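Given the structure is predicted, the values throughout are model-derived calculations rather than measurements. Atoms within each ligand, like the ligands themselves, are counted from 1 in listed order.
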Amino acid sequence: MSLSKKNIILKGVAASPGIAIGKVFLLEDDEYCLIHKEIPKNARAAELKRLDEAIEKTRAELKTTYQKINSVLGENYAKIADVHIMILDDPVMKKDVVKMVDDGVNAEYAVFKVLDKIIRSFDAIEDDYFRERKQDIQDVTKKILGNLLGKEKKPLSKIDKESIVVSHNLTPADTVAIRENFVKAFATDIGGKTSHTAIVAQSLEIPAVVGLRSISANALSGSVIIVDGNQGIVILNPTEETIANYKRELDIQSAKSKELAKLKDMPAETVDKHTVQLLANIDNADEVKSVINNGASGIGLYRSEFMFFNRSAMPSEEEHYQSYMKVSKMMMPYGVIVRSIDLGGDKLTNLGFLSMEREQNPFMGLRAIRLCLKYPEIFIDQLRGILRASSEGKIRLMYPMISGVEELREANKILEKVKKNLRSENIKFDENIEVGAMIEVPSAAIIADVLAKELDFISIGTNDLIQYTLAVDRVNENVTHLYDPSHPAILRLIKRIIDAGHEAGIDVGMCGEMAGDPYYTMLLLGMGLDEFSVSPAQIPKIKKIIRSVSYEESKMAAEQILKCEDKESISKIMKRLKFKERY
Ligand code: PEP
Ligand code: MG
């Protein structure tokens, strides 16, 4: 492809709406990797000191972990931290690492090499005991490396003038760095519509197109580019005429937004007076202003895991507390649903021991509630922060990725113990804090009736529910065409979850992207959804549709659609009902 050609149009996946015209900032792939560095003789003493400090810091952290788990779950659970301290103090391991550093190898590489050798020696042994020890050594390695490597680099923070970022990929952690600078849009080779990178673009209210396959190989730094997040296209080297057309389109859009802004203080109520809650999804306290400006009546999903990105230490209990306090105070008199951390999948952090492992199937791996149950010390800090904040703010707690009732009970058991400790410390919290779960795994959807009996509310996570039900990776552009919210299996599951919630007398919300897609608003209304939680920028559009339709008509439409056996019949009914013309 030659850039002397004009109007090179690349088609990708529309990830975040809007149009941006600007200059390319080409972000080279610069994922962190451990490198072997030669340490000169005169710097080796300092390198050994750095190693010692990292080990000491890790030991102190492990002791705190021990105390934390011991006080909530008892000594049996806390033993794991003791085992980790024993590994850390192993004289042979320390001697080998020190020797490598003495010979001129950088500390992180030496730690990695020595521990990796031990881990590999366990590979050949088929035994549960050794498998567990292997995992322990891996955990300790990650902890020491986390302390040695310190703060993650933020390549995007280098941007100091208005730009459009073009990259092979952007992780959610990368996109968080965008918040602090001048990025007007981004375009990537890979990614799907409901990848977290796309979701962050929506929350930043900047256009994004992902899954363009070869944009990073074709765009030149500094050249002009148009990102059309509405149609999912990117235009390289646009002609003057194309630029002028897009500028006109931008004017039209801004006039439309002004019109929609007038709905800000109006309720989300149908013409026949059926009211639903229209809430917002956020991943950062800074977004609350936009939530309020767009007229949401609460936060239906606070993706708390974003607090774990681009930093050198785990968020403390106090930080959790402060952040939930800040959001809930700003949102008063409305409520906030804080979701306990959902790290894993495409949301990996480079944070200490949570950073290093790349699983084969991360979306089906140690993610969300599974991670919290495996590392209760992280969960406990967050639960204490949430509970403390609940004494003043209107806070509800929600668990992600619950797949069965046992998991829910285990999480609740920890929650009860944390509550007990707070009581004994005379720390106030909302004794009646509501606890809900996301229904986003097919097994949970199938037993929604069972789960609903033990929950105060339910929120449907369609981003994951679609991915797991249809076996379509949500971040993979090659299968985007199969990622279909209107698949009859998905619609039936959603209806089943809503009915199960209502049967148990609890509200059912939806915080997946489907809730913010105007195409589905009437259908979801008709299925009986109580709460729509969407990205702040989508609130006015969804409100406009809700206010322009009748609940009775929506119910009838939903009933007809649920009887359909294939996508074609569904889309025929959607067309007949003019779903599209309503927004
Ligand atoms: C979902 O899965 O629909 C959801 C809202 O959670 P997340 O996108 O953070 O996985
Ligand atoms: Mg999810």
Give the atom numbers and elements of ligand 1 that come within less than 4.0 Å of a heavy atom of [X].
X: L301; result: 5 (C)
X: G461; result: 1 (C), 2 (O), 3 (O)
X: D464; result: 1 (C), 2 (O), 3 (O), 10 (O)
X: R303; result: 4 (C), 5 (C), 6 (O), 7 (P), 8 (O), 9 (O)
X: I199; result: 8 (O)
X: R367; result: 10 (O)

(request) Carefully, step by step, assess V166 and T188 under the rule side chain to side chain contact (heavy atoms under 4.5 Å, CB included). (result) CA-CA 6 Å; V166 172; T188 59; over 6 Å; no
(request) Please find out if the Mg ion (ligand 2) and some N, O or S atom of D464 are separated by less than 2.8 Å. (result)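 Of the N, O and S atoms in D464, at least one lies under 2.8 Å from the Mg ion (ligand 2), which means yes.
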(message) Below 3.5 Å, N or O to N or O, backbone or side chain included: is there any such pair between T462 and ligand 1?
(response)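 Between T462 and ligand 1 (N or O atoms, distance only) the closest approach is under 3.5 Å.
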(message) Any nitrogen or oxygen of K347 lying under 3.5 Å from a nitrogen or oxygen in ligand 1? Just yes or no.
(response)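 Right, the criterion is met.
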(request) Would you verify whether the NZ or CZ of R474 falls within 45 degrees of the ring axis of Y483 while also being under 6.0 Å from that six-membered ring's centre? (result)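 No - R474 does not lie over the ring of Y483 by the 6.0 Å and 45° rule.
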(message) Here's one to test your reading of the geometry: is the NZ or CZ of R388 within 45 degrees of the ring axis of F429 and under 6.0 Å from its centre?
(response)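 No; the conditions do not both hold, so R388 does not lie above the ring face of F429.
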(request) Could you tell me which N, O or S atom of E440 is nearest to the Mg ion (ligand 2)? (result)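 The atom in question is OE1.
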(message) Does the residue M514 have a heavy-atom contact with ligand 1, meaning some pair of atoms that are separated by less than 4.0 Å?
(response)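 So M514 does not count as touching ligand 1.
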(message) Is Q467 close enough to touch ligand 1? Criterion: a residue heavy atom under 4.0 Å from a ligand atom.
(response)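 It does not, in that no heavy atom of Q467 comes within the 4.0 Å cut-off of ligand 1.
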(message) Students should be able to answer this: which protein heavy-atom is nearest to atom 4 (C) of ligand 1, and at what distance?
(response)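 That would be M438 CE, 3.5 Å.
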(request) Write out the residue and atom name of the closest protein heavy atom to atom 7 (P) of ligand 1, then the distance separating them to 0.1 Å. (result)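 Atom 7 (P) of ligand 1 sits closest to the protein heavy atom H196 NE2, 3.1 Å.
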Answer side chain, backbone, both or neither: which part of [X] comes under 4.0 Å from ligand 1, heavy atoms only.
X: D342; answer: side chain
X: M510; answer: neither
X: N281; answer: neither
X: M401; answer: neither
X: L465; answer: neither

Pair [X] + [Y]: basic N to acidic O under 4.0 Å:
X: K68; Y: E377; value: no
X: K495; Y: D499; value: yes
X: K193; Y: E513; value: no

(message) If I take atom CE from residue M331 and atom CD1 from residue I292, how far apart are they, to the nearest 0.5 angstrom?
(response)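 That separation rounds to 5.5 Å.
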(request) Please determine which of L212, D189, L27 meets the side-chain contact (heavy atoms from CB on, under 4.5 Å) test together with H168. (result)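 The passing option is D189.
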(message) As a check for students: among A368, A515, C511, identify the option with a heavy atom nearest to atom 5 (C) of ligand 1.
(response)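 Going through A368, A515, C511 one by one, C511 has the nearest heavy atom to atom 5 (C) of ligand 1.
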(message) Please compare R474, R339, E305, E513 and report which has the shortest non-hydrogen distance to atom 8 (O) of ligand 1.
(response)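 Nearest heavy atom to atom 8 (O) of ligand 1 lies in R474.
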(message) Apply side chain to side chain contact (heavy atoms under 4.5 Å, CB included) to residues F457 and V508 and explain how you reach the verdict.
(response) CA-CA 6 Å; F457 65 96; V508 181; over 6 Å; no
(request) With the side chain counted from C-beta on, respond yes when E287 and P536 share a heavy-atom pair under 4.5 Å apart, and no when they do not. (result)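 A side-chain contact under 4.5 Å exists here.
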(message) Any non-hydrogen side-chain atom of I498 less than 4.5 Å from a side-chain atom of D530?
(response)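 Of all side-chain heavy-atom pairs linking D530 with I498, none is under 4.5 Å.
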(request) Kindly indicate, with the supporting measurements, whether the criterion salt bridge (Lys or Arg N to Asp or Glu O under 4.0 Å) is fulfilled by R370 and E359. (result) CA-CA 14 Å; R370 301 170 181 183; E359 295 170 302; over 6 Å; no
(request) Please check if any side-chain donor atom of Q382 sits under 3.5 Å from a side-chain acceptor atom of S304, or the reverse. (result)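 Yes.
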